[in-house]
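Counting convention: from 1, in listed order, for ligands and their atoms alike.
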Amino acid sequence: MSKPVRVRFAPSPTGPLHIGGVRTALYNYLFAKKQGGTFILRIEDTDQTRYIKGAEEYIQEALKWSGIVPDEGPEKGGDYGPYRQSDRKAGYGKFVQQLIDEDKAYYAFDSAEELTEMREQAKKAKMPNWQYNSITRNSMKNSLTLSKDEVQAKLDANEPYAVRIKIPRNEEVRFHDTIRGWIVVNTSNLDDKVIFKSDGMPTYHMANVIDDYNMKISHVIRGEEWLPSAPLHVLLYRFLGWEDAMPEFAHLPLILKPDGNGKLSKRDGDRLGFPVFPINWKNPETGETASGYREQGYFPEAFTNMLAFLGWNPGSDQEIYPLQDLIDAFSLERVGKAGAKFDAKKTVWFNEQYLKNTENKKLAELLVPVLKEQEIEFNTAQLPSICGLLKERASFLTEMVQNGLYFFKAPNEYDEKTINKKWKENAPHIVEDLKAAFSRTDYTAQSLKEAFETYLAQNELSFGKAGPVLRVAITGSGMGPSLFDICAILGQKEVESRINKALKELP
Ligand code: GLU
């Protein structure tokens with residue numbers, strides 16, 4: 001029987017989550033939900049020097065907003081907790097000791113200065129890529145070169161140390177990656193990475209493997225930047241005797257800059273004018289705020305839909321996939337190897353589609369706080385029809401408000417182009433006539449349209465002569481949704497008062 005599906009998203013709280021991180025979380029979540037498995041959030045905070053205040057809260061909030069809700073995690077708890085590595089500190093040491101006892105890891109006492117010195121010397125000798133490895137370790141200060149007593153004396157004296165993994169020389173490490181197929185690496189290309197430090201904390205590699213094992217993780221789905229670490233992780237599974245329990249790996253393609261020139265970075269957002277963060281991030285050190293999709297007015301489902309398509313495709317032309325549909329359609333087999341270019345225009349397009357597909361009643365509810373914040377008075381009963389008209393011409397809720405301010409208050413400014421070109425001829429006369437013609441209808445969009453058309457026919461006028469001037473008088477704008485719909489929503493009293501106002505204020 002195959003193992004139950006348990007996957008994890010394992011961010012380090014070293015700053016805000018970039019959209020690449022959210023995509024990793026999303027793919028893990030989709031995979032888990034599709035397979036009836038469990039999605040776990042694990043906070044990897046072993047490197048206290050890189051810890052950034054507020055980053056963990058940010059990660060939790062960003063996932064919540066995106067709808068990527070963990071089944072187990074620091075907030076939710078679960079049977080395999082704690083889910084924060086700093087809270088699991090006590091559990092790592094015995095595995096490190098096991099590796100040392102079995103000669104698969106060793107103590108190294110070389111100071112940071114000594115290591116720098118080694119690298120400098122190697123550079124001078126035209127060997128710029130010096131590594132602590134199966135060859136160089138024989139001339140370094142470690143438990144392989146020092147006597148047992150010397151090592152014990154150093155440990156007793158509390159000398160700082162690192163535990164390094166003892167990478168075998170010239171062996172093959174093979175593992176299967178769902179996205180990339182079989183990967184074979186020779187251990188001679190690997191260095192003796194530090195797996196534990198004398199502050200009692202394991203490093204990322206060690207903690208990550210131990211936790212994946214203890215949390216019974218079945219699939220490791222993570223960014224391509226971790227691919228070079230995978231052979232080391234495979235060796236750790238082997239050394240710890242856990243090979244049979246090793247998860248399947250899937251390394252996701254990079255998200256690239258819009259021009260395809262390198263990885264999309266945190267800096268690209270500001271430079272290119274689109275957010276690279278899910279929600280606003282206020283840098284605790286500089287106080288600067290980097291913008292997020294939530295605050296820019298994106299629907300969470302438009303955001304996850306867009307993200308899912310950066311690296312995955314359903315194999316059909318359909319592009320609109322709300323979260324549940326993504327779950328139903330997702331498979332790792334349809335994740336590509338090649339980097340996916342971020343496309344800012346397409347991102348806006350996704351939001352537009354969700355805006356159009358959201359029911360008017362729901363949009364009206366969402367619009368209320370936006371209107372309140374801008375201190376705009378509104379009539380709740382009218383909001384759904386207003387939304388129905390405005391959503392066809394906007395990409396965001398806020399844009400709907402901007403475009404449709406005339407639904408909430410009479411215009412004070414009038415579109416200059418229309419005024420200069422059309423109003424000056426016989427507009428006042430036409431507008432006055434239409435006011436009278438409209439007053440003889442029941443003010444539904446249909447009857448207003450009919451009255452308008454009859455008036456045009458009787459006076460041998462084209463639409464272009466009468467439409468724009470009536471629109472500018474009522475809305476102040478030169479374009480927008482159907483004028484008759486607008487008039488029907490505003491009602492007779494308001495339409496007439498606006499026409500009177502325009503007649504008074506316009507030349
Ligand atoms: N803590 C690593 C990160 O920040 C996790 C990598 C992994 O998923 O193994 O991305």
Which atoms from ligand 1 have a heavy atom of E44 less than 4.0 Å away?
1 (N), 2 (C), 5 (C)
Which residue and non-hydrogen atom of the protein lie closest to atom 4 (O) of ligand 1, and at what distance in Å?
S12 OG, 3.1 Å
Pull out every atom of ligand 1 sitting under 4.0 Å from any heavy atom of N208, numbered as shown with elements.
7 (C), 9 (O)
Side chain, backbone, both or neither: which applies to Y204 and ligand 1 if a contact is any heavy-atom pair less than 4.0 Å apart?
side chain
Regarding ligand 1, does A10 bring an N or O atom to under 3.5 Å of one of the ligand's N or O atoms?
yes
Tell me every residue that passes salt bridge (charged side-chain N to carboxylate O under 4.0 Å, His left out) with E150, counting only those two or more places apart in sequence or in another chain.
none
Geometric cation-pi criterion, R23 with Y27: 6.0 Å, 45°
yes
For a 4.5 angstrom cut-off between non-hydrogen side-chain atoms, does E57 reach E61?
no
For atom 7 (C) of ligand 1, grab the closest protein heavy atom and report residue, atom and distance to one decimal in Å.
R222 CD, 3.4 Å
Would you kindly check if the NZ (Lys) or CZ (Arg) of R164 is within the cone defined by 45 degrees around the ring axis of Y132 and under 6.0 Å from the six-membered ring centre?
yes
Heavy-atom contact under 4.0 Å between R8 and ligand 1?
yes
Is there a donor-acceptor pair under 3.5 Å between the side chain of T38 and the backbone N or O of R6?
no
Which residues pass the side-chain hydrogen bond (donor to acceptor under 3.5 Å, both in side chains) test with Q98, sequence neighbours left out?
none
